Amino acid sequence: MADTKMLDASDRALSTGYMMWYRFSRNPAAVIGTLILISVVLLAVFAPWLTPYPKHVGAVVDFRARHVAPDATHWFGTDKVGRDIFSRTVFGMRVSLLLVIGVLGISVPIGTALGLIAGYFGGWVEKIITGLTNVMLAMPPLVMALAVSNLLEPNLMNAMIAITLLWWTWHARLIYAVSKSIASEDYIEAARLAGAGPMHILFREILPNCVAVISVKTTLDAAFVILFGATLSFLGFGVKPPIPDLGSMVADGRQFMPSYWWEVVCPGAAVFYVTLGFNLLGDGLRDMFDVES
């Protein structure tokens, strides 16, 4: 009898997983987004071997090759000091992915934990966490990030700090709303009456029901983090040259528009390409998990 119940549960899980994958695979945009991100990750990981001029990510100068238009040798052309833009763009995508991993790897766990605690415990704990969240959300994100970046030395680590100080708030507010509604369910009360402790209820009962919204939110946020980081670098408060960053590359090339358009268009297109992949994947995950907008 027990084996039959285990088989039934396994069949239900398999059926649910199959339906989720079916919804995802039937979404052409989600599949395209997945393929885009796979290509971005492969380029970022194997950048030293896939780029024709990996040394051009540093302070290399070749004035004989300044402002060369895209051709068979330099696919994206060269910049004002003769560096290969394709090589720098690929390494710039690596910097963007590192920024996403650093920011979301810190802000998502913090926001999720605070949202769970506020939604489950309520009372003064809820008031403190939601009050702090609302105060942080009331601050203009770009202004606060610029202020933090201005106080610290512009580099990748400090750019992560500036963005992370803002990003946990959106996850905290989302998970707070979800966990608060789940905390009033009958099965949560039954677990409490059965002697389950708060940690068990938070991480074994409530958190699994938040995985879908966390996955969708995190994927969509990755695109915003890349845009935010590129904006900081564009304004001169993010990653500093000679480290290749897509935002700073666009800022360096804009002074030569429209004559040397490729110095802006190519890194700008890379930003669009990466963010498009995350957005399409996020929409696909939302369909797969059937998460309401």
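All residue numbers in this chain count up from 1 along the given sequence. The figures here come from the full heavy-atom set of this structure, side chains too, leaving out hydrogens, waters and symmetry mates. Treat the numbers as computed from the prediction; the structure is a model and nothing was measured.
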Step through the shown structure and confirm whether more than 12 heavy atoms of other residues, nucleotides or ligands are within 6.0 Å of [atom1] on [X].
X    : atom1 : answer
Y273 : OH    : yes
I161 : CD1   : yes
D71  : CG    : yes

What's the separation between atom [atom1] in [X] and atom [atom2] in [Y], rounded to the nearest 0.5 Å?
X    : Y    : atom1 : atom2 : answer
L50  : S87  : CG    : OG    : 10.5 Å
I163 : T231 : CD1   : OG1   : 9.0 Å
L207 : L202 : CG    : CG    : 8.5 Å

Look at the side-chain heavy atoms of Ile, Leu, Val, Met, Phe, Trp and Tyr, link any pair under 4.5 Å apart, and say whether [X] and [Y] land in one connected group.
X    : Y    : result
M257 : V68  : no
Y176 : L166 : no
I38  : F272 : yes

Could you go through residues 133-144 and list every donor-acceptor pair under 3.5 Å that involves a side-chain atom there, pairing it with any protein atom two or more places apart or in another chain?
from, atom 1, to, atom 2, distance (Å)
T133, OG1, I129, O, 2.8
N134, ND2, T130, O, 3.1

Can you find a heavy atom in the side chain of [X] that is under 4.5 Å from one in the side chain of [Y]?
X    : Y    : value
E185 : E205 : no
N279 : L220 : yes
L246 : V250 : no
D84  : T51  : no

Contact summary for [X] and [Y], nearest pair of heavy atoms:
X    : Y    : result
V216 : G282 : CG1-O, 3.9 Å
A191 : I201 : CB-CG1, 4.4 Å
W262 : T78  : NE1-O, 3.2 Å
G33  : L280 : CA-CB, 3.7 Å

Inset, instruction - Share the residues that join L35 in a hydrophobic cluster, the rule being Ile, Leu, Val, Met, Phe, Trp or Tyr side chains under 4.5 Å apart at the heavy-atom level. - result: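 Cluster partners of L35: V31.
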Legend entry - Y260 and H67 aromatic ring geometry - parallel, tilted or perpendicular at 30°/60° bounds: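 Geometry flag for Y260 against H67: parallel rings.
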Inset, instruction - Give a yes or no answer on whether the side chain of T275 reaches the backbone of I226 with a donor-acceptor pair at less than 3.5 Å. - result: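 A pair under 3.5 Å: no.
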Legend entry - Check: S215 main-chain N/O paired with T218 side-chain donor or acceptor under 3.5 Å: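 Not at all, since once roles are kept as given, no pair shorter than 3.5 Å links the two residues.
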Using residues 88-111 as the side-chain source, report each donor-acceptor pair under 3.5 Å to any protein atom, sequence neighbours left out, with the distance given to one decimal.
from, atom 1, to, atom 2, distance (Å)
R88, NH1, H56, O, 3.0
R88, NH1, V57, O, 3.4
R88, NH1, P242, O, 3.3
R88, NH2, P242, O, 3.3
T89, OG1, I85, O, 2.7
R94, NE, A44, O, 2.9
R94, NH2, A44, O, 3.0
R94, NH2, V45, O, 3.3
S96, OG, G92, O, 3.2
S107, OG, V103, O, 2.8

Legend entry - Residue pairs involving residues 190-210 (criterion ring pair (Phe, Tyr, Trp, His ring centres under 6.0 Å); sequence neighbours excluded):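 Qualifying pairs, neighbours excluded: none.
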Legend entry - Sequence-distant partners of F228, ring-ring contact (aromatic ring centres under 6.0 Å, His included), two or more places apart: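 Counting only residues at least two positions away or on another chain, F228 forms a ring-ring contact (aromatic ring centres under 6.0 Å, His included) with W167.
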Inset, instruction - Check ring-ring contact (aromatic ring centres under 6.0 Å, His included) between F121 and all other residues, then give those that pass, not counting sequence neighbours. - result: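 F121 satisfies ring-ring contact (aromatic ring centres under 6.0 Å, His included) with no residue once adjacent residues are dropped.
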